[in-house]
Amino acid sequence: QVQLVESGGGLVQAGGSLRLSCAASGRTYRIYNMGWFRQAPGKEREFVAAITESGGSTYYAGSVKGRFTISRDNAKNTVYLQMNSLKPDDTAIYYCAADNLVRTLLAGAGVGYWGQGTQVTVSS
C-alpha cells in the first residue's frame, strides 16, 4: 500500500512558477513509478508527467513539455513537479499517482494509487 499527499498548489500569475510535492508513505514506495495528472473544471483528468522508479526516465504531455519538470527524491519518499511559464490553461486540480507499471501511468487507466489533489490556479 502507498499513501500519497500532495502540497504546493496555489494561485499564481501567468508566467509564474510553482513546485508541487507529493509525499509518499508505505514500505514499497521505491518500487513504484510516479506520475502527475490534472483535471480542469468540466474536463476529464489528463496525464501530465511520469517518472520511473529509479528516476532514470521521464515522460511528459506535449502541452507541458519544456515547461514542467518531474523529479523524485527516493530518500525523502517525495516526487516533485516544477511548473514554469504557467498559463491560465494550466489551471486544474493536480493529482499525484503511483503504479508499478509506467505504461499504466501513461495510459491513465487502472492506476493503482491516487492522492487527494491540490488546486493550481493561474490568473491572466
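Every heavy atom of this structure was used, including side-chain atoms; hydrogens, water molecules and symmetry mates were not. This one's a predicted model, so the numbers in the text were calculated from it and none came from an experiment.
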To the nearest 0.5 angstrom, please state how far the [atom1] atom of [X] sits from the [atom2] atom of [Y].
| X | Y | atom1 | atom2 | result |
| --- | --- | --- | --- | --- |
| Thr58 | Lys65 | OG1 | NZ | 8.5 Å |
| Asp89 | Thr91 | CG | OG1 | 8.0 Å |
| Glu46 | Gln39 | CD | CD | 9.5 Å |
| Leu101 | Tyr32 | CG | OH | 10.0 Å |

Exercise. Determine, step by step, whether Glu6 and Leu20 satisfy the side-chain contact (heavy atoms from CB on, under 4.5 Å) criterion, reporting the C-alpha distance in whole Å, the side-chain angles of both residues, the deciding distance to 0.1 Å, and the verdict.
Key: CA-CA 7 Å; Glu6 302 96 333; Leu20 305 183; over 6 Å; no
Heavy-atom closest pair, residues [X] and [Y]:
| X | Y | result |
| --- | --- | --- |
| Ala98 | Val111 | O-CG1, 3.6 Å |
| Ser63 | Arg38 | OG-NH2, 3.5 Å |
| Ala14 | Ser124 | CB-CA, 4.4 Å |
| Ala49 | Leu81 | CB-CD1, 4.2 Å |
| Ser71 | Ile51 | CA-CD1, 3.7 Å |
| Val2 | Ala24 | CG1-CB, 4.2 Å |

What residues, two or more places apart in sequence or in another chain, satisfy ring-ring contact (aromatic ring centres under 6.0 Å, His included) together with Tyr59?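 Partners of Tyr59 by the ring-ring contact (aromatic ring centres under 6.0 Å, His included) criterion come out as none, since no residue qualifies.
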With sequence neighbours excluded, what pairs up with Phe37 under the ring-ring contact (aromatic ring centres under 6.0 Å, His included) test?
->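 Per chain and number, Phe37 pairs via ring-ring contact (aromatic ring centres under 6.0 Å, His included) with Phe47, Trp114.
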Query raised in the report: Going by the side chain to side chain donor-acceptor pair (under 3.5 Å) test, which pairs reach into residues 9-19, not counting sequence neighbours?
Result: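 Residue pairs with at least one partner in residues 9-19: Ser17-Asn84.
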Is there a path of hydrophobic side-chain contacts, each under 4.5 Å between heavy atoms, that joins [X] and [Y]?
| X | Y | result |
| --- | --- | --- |
| Met34 | Val48 | yes |
| Val79 | Tyr113 | yes |
| Tyr94 | Ile70 | yes |

Arg67 and Asp90: side-chain contact (heavy atoms from CB on, under 4.5 Å), yes or no, with the steps?
-> CA-CA 11 Å; Arg67 299 188 297 123; Asp90 295 318; 2.8 Å; yes
- Task: Could you please spell out the steps behind the side-chain contact (heavy atoms from CB on, under 4.5 Å) verdict for Phe68 and Trp36?
- Result: CA-CA 11 Å; Phe68 291 10; Trp36 288 94; over 6 Å; no
How would you list, by chain and number, every residue that makes a salt bridge (charged side-chain N to carboxylate O under 4.0 Å, His left out) with Asp99, sequence neighbours excluded?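 For Asp99 there are no salt bridge (charged side-chain N to carboxylate O under 4.0 Å, His left out) partners, ignoring immediate neighbours.
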- prompt: Excluding sequence neighbours, so at least two apart, what forms side chain to side chain contact (heavy atoms under 4.5 Å, CB included) with Ile93?
  reply: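 With sequence neighbours excluded, Ile93 shows a side chain to side chain contact (heavy atoms under 4.5 Å, CB included) to Tyr95, Gln119, given in chain and number order.
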Suppose we screen for side chain to side chain contact (heavy atoms under 4.5 Å, CB included). Which residues come up paired with Val12, at least two apart in sequence or across chains?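 Scan of Val12 (side chain to side chain contact (heavy atoms under 4.5 Å, CB included), adjacent residues dropped) gives Leu18, Leu86, Val122.
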Between Asn33 (side chain) and Arg103 (backbone), is there a donor-acceptor pair under 3.5 Å?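 Such a contact is absent between Asn33 side chain and Arg103 backbone.
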Q. Hey, does the side chain of Thr118 reach the backbone of Gly9 with a donor-acceptor pair shorter than 3.5 angstrom?
A.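 Yes, Thr118 side chain to Gly9 backbone: donor-acceptor pair under 3.5 Å.
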